[in-house]
Structures are given as structure tokens and as C-alpha cells.
Amino acid sequence: MTPEQLSRVVADALAALVAEGALVLHGDLPREVRVERPKVKEHGDYAMNVALQLAKQAGRPPREIAELLAARLASATGIAHVEVAGPGFLNVRVGAGAQGAVAGAIVAAGEAYGRSDVLRGRRVNVEFISANPTGPLHLGHTRWAALGDAIGRVLAAAGAQVTREFYINDRGAQMDKFGASLAAAAAGQPVPDDGYHGDYVVELASQIAVDRPELSELPADERVAAFRDEGYRRQLVEQRAQLDGFRTHFDVWASESALHDDDRVKHGIERLREQGHLYEADGALWMRTTDFGDDRDRVLVRSNGAFTYFASDSAYYVDKRERGFSPCIYLLGADHHGYVNRLRAIAACAGDDPDRDIDVLIGQLVKVVRGGQELRLSRRAGTILSLQEVVDLTGVDALRYTLCRFPADSPMTVDIDLVTRTSNDNPVYYVQYAHARLSSILRNAVGLGLAADADTYDPALLAHQREGDLLRALADLPRVVEQAAALREPHRVARYLEETAATFHRFYDECRVLPMGDEEAGDLHRARLVLVAATRLVLGNGLSLLGVTAPERM
RNA sequence: GCGCCCGUAGCUCAGCUGGACAGAGCAACGGACUUCUAAUCCGUCGGUCGCAGGUUCGAAUCCUGCCGGGCGCACCA
């Protein structure tokens with residue numbers, strides 16, 4: 001019996017009580033009965049607080065309601081024991097057979113276990129990183145790469161159709177500064193003070209100068225533009241290669257300048273104009289974002305006729321919506337949190353519901369510590385720790401896992417020395433090791449002529465305390481995934497995996513799976529083998545939601 | 001000045017969106033391998049959940065005000 005099944009049983013019992021008139025509720029039945037796993041095992045396998053929540057609506061003491069429900073549940077199949085505890089909690093123990101059946105169900109579901117269709121039909125756009133193509137990606141971007149990709153995976157697992165998108169800020173003054181920096185460096189001149197100063201600028205400039213000598217012959221202004229475009233092209237290739245290596249793949253690379261070139265900016269502004277929130281003042285075109293919580297109105301077209309960056313943002317949002325996405329998710333660094341109200345106001349001004357159609361996630365920036373010292377990351381100052389450098393040090397798995405382990409809004413410190421360490425200071429190895437151990441058992445089983453057979457094992461034999469603990473942990477994956485998707489919090493998956501791995505290790509410690517020596521294989525061996533296969537699937541499926549590999553051996 | 005995020009064990013951090021005595025890892029100390037991977041397991045030590053009020057059967061969680069830290073407030077990109 002899974003928590004979802006239990007929840008349904010209790011909801012049905014509740015509905016029956018109401019239908020019979022045994023319970024009168026003011027208002028509707030609760031949409032869902034929440035099932036929790038109590039921390040204290042004396043409180044049973046599962047606990048529910050429906051009775052406490054309904055007390056007010058029913059106008060009766062919670063314990064009375066709980067008693068009514070308990071009487072009904074006592075005879076339900078799969079439930080071994082029900083009791084009312086404390087102020088009105090409903091504590092349930094699940095029968096061994098019903099509990100053990102979970103393992104077989106997981107094996108039968110295979111790689112689909114943990115997936116659901118709660119978001120079926122939703123087309124979700126996840127935009128993240130969106131760096132300027134003026135240099136290598138650094139560790140700051142890496143958090144969004146790991147997180148954004150994992151959010152995409154989790155949403156897809158919940159049934160959504162996901163498009164991952166990278167918005168290229170390839171237009172405007174920063175690009176020109178980049179071009180000027182390259183042109184200067186190529187000519188052996190010092191880069192402008194407000195330009196880009198990293199070593200990579202010099203390298204890139206000299207490569208371009210060698211590969212495309214004709215560019216250096218151009219007149220000054222054309223030369224800057226030529227170096228800018230060539231540098232841009234190469235940086236983009238570089239960024240994509242680095243992200244590929246980090247297992248982060250984008251479905252769409254959206255160019256800001258393309259948005260202008262094919263008039264989607266104009267089109268977007270027209271669409272917004274139809275909604276009636278644009279006005280002209282002081283020769284400029286404004287959007288009345290203050291109608292929707294922004295602290296000031298924003299300019300779309302300056303009095304000199306130039307489009308603002310905000311115009312691109314607005315048009316880009318309209319473009320996404322016209323491609324059918326809802327919600328459009330944005331991952332932004334904390335240094336951009338001022339954009340939240342602005343972006344939500346764009347959605348509102350476009351006639352959308354910001355709570356439904358847009359979701360702006362703010363992530364705290366990562367602090368980087370190496371050798372006990374904090375590194376200050378600045379591209380323009382040239383003190384970059386690039387994504388590639390860090391990946392080379394730590395490996396993709398360790399880095400991805402570490403970055404996905406924490407909620408985005410919690411400030412995190414990446415200690416390079418720690419992530420680099422391939423010891424059990426590193427939770428990723430703890431989880432991977434469990435998976436390798438499980439794989440090993442299954443390999444050895446094959447050697448003994450045994451295989452996990454979900455159809456013929458006896459689920460009631462999985463009655464050991466450690467087996468029950470493990471089964472209940474495994475049964476949690478679907479709701480962990482659902483919640484991770486709903487809240488856009490993949491770290492829940494990581495934490496869940498750590499707990500489940502620990503639960504497995506404890507099981508392993510006490511419960512022998514395979515027959516020893518000349519021992520004949522019995523029904524308990526077969527049942528445990530199914531449990532092992534189920535556990536391996538859960539860890540493997542969970543790791544893949546984070547984009548981390550599940551090794552067969554370590 | 002206005003706004004957003006954070007403050008939980010010595011350290012790094014969870015805390016299931018209000019539940020039953022506040023958790024994990026690391027660090028410290030002590031145990032467990034002749035048979036499925038010891039990258040593991042078990043035990044001990046460790047907390048006024050920043051402070052003060054409020055909401056209620058019940059608050060680390062929600063509200064208000066302080067304190068401390070990070071970040072942001074352009075016809076910039």
C-alpha cells in the first residue's frame with residue numbers, strides 16, 4: 001500500500017461518513033487527505049491529521065472524528081491496525097502483504113516508477129543561465145545549469161512537456177565593449193578600462209587575428225564589429241561545448257538580436273499595446289507596469305527611438321507565450337531579483353495571469369572557497385573560475401549533485417577542496433555507492449541462477465522492520481517528484497535519495513539477501529531480491545532526475 | 001530611504017509548504033568485517049531554531065517590530 005492509496009482509502013471513508021450523515025461538514029470535503037510518515041515509529045507507519053483539520057468544519061472535537069474514521073478503516077484491506085492518538089491523529093500500520101507489494105509494483109513499473117502525469121498537457125518553458133556570450137561560463141552559471149536542467153527533468157517526470165531555453169544577450173553596449181576589447185588586444189594595445197580584461201580575451205583575440213588576418217586590416221569601426229561578431233560566435237560555441245560536457249542541453253538558443261531582426265520586438269509591443277497598458281510620455285513609449293506591482297513604469301522605446309532592453313524582455317515573453325508555454329519559468333541570480341516584479345508585470349500587461357503563466361525563481365549566488373579563501377568572481381576583472389575548470393577538478397557527477405542538493409534560495413558555499421574530494425564527505429558517493437552495492441547483489445544473484453521476479457514472490461515475507469522501513473521509503477518517490485516539480489525544488493530529490501540510501505544500507509546490514517554457501521534459495525531470498533531490484537530502480541531513477549549517473553560498480 | 005533573500009548543533013545544511021519529544025552529514029570519542037562492495041553500519045557528545053511580541057488546540061514554519069549578513073533599486077546592459 002502506497003501513501004497515495006492510503007490517502008484514497010481514507011478520503012473514501014470520509015466521503016462515506018458524510019454521505020451517511022454520520023458526519024456533517026460545513027464546506028467541501030478536503031481535496032486530498034495528507035499522509036505523513038511519523039518520525040517516531042510508535043506512531044505507526046503512516047499518520048494523518050485530517051481529523052484535526054476538519055474539527056472546525058464539523059463542529060466536533062477532532063478525536064471524535066478520528067474515532068469515526070478509525071472504525072471504518074479497521075476493516076479496510078491492507079490496513080493492519082488503526083488507532084487514534086494525541087489530539088486526534090490517525091495512526092495506521094500497513095499489513096506486511098500490502099506493504100511488500102510495493103516492491104513488485106516498482107519493479108513492474110521499471111524506469112517509469114516515480115513519474116506521474118499531474119502536469120500532463122502543460123507546456124513549460126525553463127529559461128536559465130542566459131549569459132552574455134562575451135566569455136566562458138563560470139561557476140556562478142554552473143549552479144543554474146545544474147539546477148535548471150534538474151528542474152526541467154523533474155517537471156518532465158511529472159508529465160510536463162519541457163523546453164529548455166538559453167537567452168543570448170547578444171545585443172547592446174556590452175557586446176560592443178567586448179568587440180573593442182578584442183580588437184585592441186589583437187592589435188597589441190591595452191584593452192579599454194571599461195572593457196573585458198581576462199586572459200581569455202587576449203588568447204581569443206590572438207586566435208582570431210591568426211585565423212582571420214583580414215579582420216585586422218579593416219577600418220577601426222568595422223574592425224570592432226568584426227571582432228565582436230567573430231568573438232561572439234566562438235564564445236557561443238565554447239559555451240555550448242562546456243554545457244554539453246556538463247550534460248546540460250538546451251532545446252532553444254534564443255538570440256536577442258534575432259528578436260529585433262525579424263521584428264518580433266515590434267510585434268510583441270503591438271500585442272502589448274492591444275492590452276492597453278502602453279502610453280507615450282516625454283517622447284518615449286512606456287509600459288504602465290505600476291498597474292501590477294512594479295515600483296515604477298518602464299520605458300520600451302526611448303525618446304531617441306532606440307528599444308530598451310526591457311522591450312526585448314517584454315517581446316521575448318510574448319514570443320514564449322505565443323509558442324504555447326505556461327508557465328514560463330525564469331531562473332535568475334539574486335543580483336537580478338529586482339526583475340521579478342517587472343517580469344510579472346509584463347505578464348500582467350500582456351493580459352496573462354502572473355501566478356499561472358510566469359514563475360520567476362531567484363537563486364542566491366554561490367560563494368566559492370578554495371584553500372580556505374574566498375574567490376571573488378568577476379569576468380571583467382578576469383578572476384574567473386570557469387565551469388570547465390571546476391568540472392575538470394570535480395567531475396560532472398559530484399558537481400551537479402552538490403549544486404542540486406540545496407534549495408536555490410539558500411546561499412551556498414562551494415568548497416572546491418571538498419567537492420573535489422572523492423570521499424564520503426560527498427553525499428553523491430554515498431548514494432552512488434548504494435546503487436553499486438545493489439547492482440552487485442543483483443549480479444551475484446544471476447551467478448546463482450536467481451532473478452528478481454515481481455510476479456511470483458511472496459510480499460508478505462518482507463515483514464522485517466528494516467524491510468518495512470525500506471519499502472515505505474521507496475513508496476515515497478512519486479510524491480517527492482511531484483512536490484519537487486510543483487515547487488521547482490529538485491533538492492528534495494537529492495535529500496530523499498540520501499535518506500533512502502541510508503535506509504537501504506541499514507537493511508543491508510541486518511538482512512541477508514542471497515543464500516549463503518550451499519544454502520538452498522528460499523522464498524525469503526526471492527522476496528528480498530525483488531526488494532533489492534526495486535531499491536536499485538528508485539536510486540537510479542532518482543539520480544537520473546538530477547542528471548547524475550548511477551554506477552554499477554565503484 | 002524603499003524592496004527581495006538568509007539567520008536552526010563547533011562546521012556545512014535539511015526540516016515534507018502549521019503537527020506529536022527539533023534532524024542529517026562532517027568534526028570528536030567508542031564499537032562492528034572468515035560468506036551479498038567497510039565508499040558501510042551501531043553507540044556517545046552536541047541546539048534559548050537571531051531577539052521580542054502576536055495569530056491558535058499547536059509555530060523553526062504564518063503576521064508585526066527590532067538586530068545581524070547578502071543583494072537590488074536607470075530613457076544601463
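Chain letters run A, B, ... following the sequence lines, proteins first and then strands; every chain starts at 1.
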What contact category does A:Tyr339 fall into here, base, sugar-phosphate, or nothing, at under 4.0 angstrom with non-hydrogen atoms?
base
Distance only, no hydrogens: is a donor on one side chain within 3.5 Å (strictly under) of an acceptor on the other, for A:Gln432 and A:Asp397?
yes
For B:G19, is there a stacking contact with A:Phe89, counting only centres under 5.5 Å and planes under 30°?
no
Have a look at A:Leu300 and say if it touches a base, only the backbone sugar-phosphate, or nothing, with a 4.0 Å heavy-atom cut-off.
nothing
Where protein sits on nucleotides 5-12 of chain B, one letter per nucleotide: B base, S sugar-phosphate only, - none, heavy atoms under 4.0 Å:
SS------
Taking only the P atom of each, what is the distance from B:U44 to B:G23 in whole angstrom?
13 Å
So what does A:Tyr508 hit on the nucleic acid, given a heavy-atom distance under 4.0 Å: a base, only sugar-phosphate, or nothing?
base
Ignoring hydrogens and angles, answer whether the base of B:A20 and the side-chain atoms of A:Asn91 contain a donor-acceptor pair closer than 3.5 Å.
yes
Using heavy atoms to find the nearest nucleotide of RNA chain B for A:Arg34 and A:Ala434 separately, return the residue whose nucleotide is more 5′.
A:Arg34
Between the base of B:C75 and the side chain of A:Ser303, is there any donor-acceptor pair under 3.5 Å?
yes
Assess whether one donor atom and one acceptor atom, taken from the side chain of A:Asn49 and the base of B:G19, lie less than 3.5 Å apart.
yes
What nucleic acid atoms does A:Pro515 come within less than 4.0 Å of, heavy atoms only: base, sugar-phosphate, or nothing?
nothing
Under-4.0 Å salt bridge between A:Asp45 and A:Arg472
yes
Take atom NZ of A:Lys56 and atom P of B:G18, then tell me their distance rounded to the nearest Å.
14 Å
Hey, does A:Arg171 reach any base, or is it just sugar-phosphate, or nothing, if we go heavy atoms under 4.0 Å?
sugar-phosphate
Between B:G47 and B:C13, how far apart are the two C1' atoms, rounded to whole Å?
14 Å
Counting side-chain heavy atoms from C-beta on, which of B:C75, B:A39, B:G15 comes nearest to A:Pro407?
B:G15
Complementary nucleotide for B:U37 - Watson-Crick or wobble, under 3.5 Å
none
What contact category does A:Gly172 fall into here, base, sugar-phosphate, or nothing, at under 4.0 angstrom with non-hydrogen atoms?
sugar-phosphate
Tell me whether A:Glu482 is salt-bridged to A:Arg492, with the criterion being a basic N under 4.0 Å from an acidic carboxylate O.
no
At less than 3.5 Å, do the side-chain atoms of A:Tyr430 and the base atoms of B:A38 form a donor-acceptor pair?
no
Check every atom of B:C36, B:C16, B:C73 against the side chain of A:Lys39 and return the nucleotide holding the closest atom.
B:C16
On RNA chain B, nearest-nucleotide positions of A:Gly517 versus A:Ala173: which is more 5'?
A:Gly517
Classify the ring geometry of A:Phe292 against A:His277: parallel below 30°, tilted from 30° to 60°, perpendicular beyond 60°.
perpendicular
Ring-on-base stacking between A:His336 and B:G72, under 5.5 Å between centres and under 30° between planes: is it there?
no
When both hydrogen-bonding distances must be under 3.5 Å and the geometry is Watson-Crick or G-U wobble, what is B:C71 paired with, if anything?
B:G3
If you check the A:Asp335 side chain, which of B:A77, B:C41, B:C71 turns out closest?
B:C71
Give none if B:C51 has no partner; otherwise give the nucleotide forming a Watson-Crick or G-U wobble pair with it, both distances under 3.5 Å.
B:G65
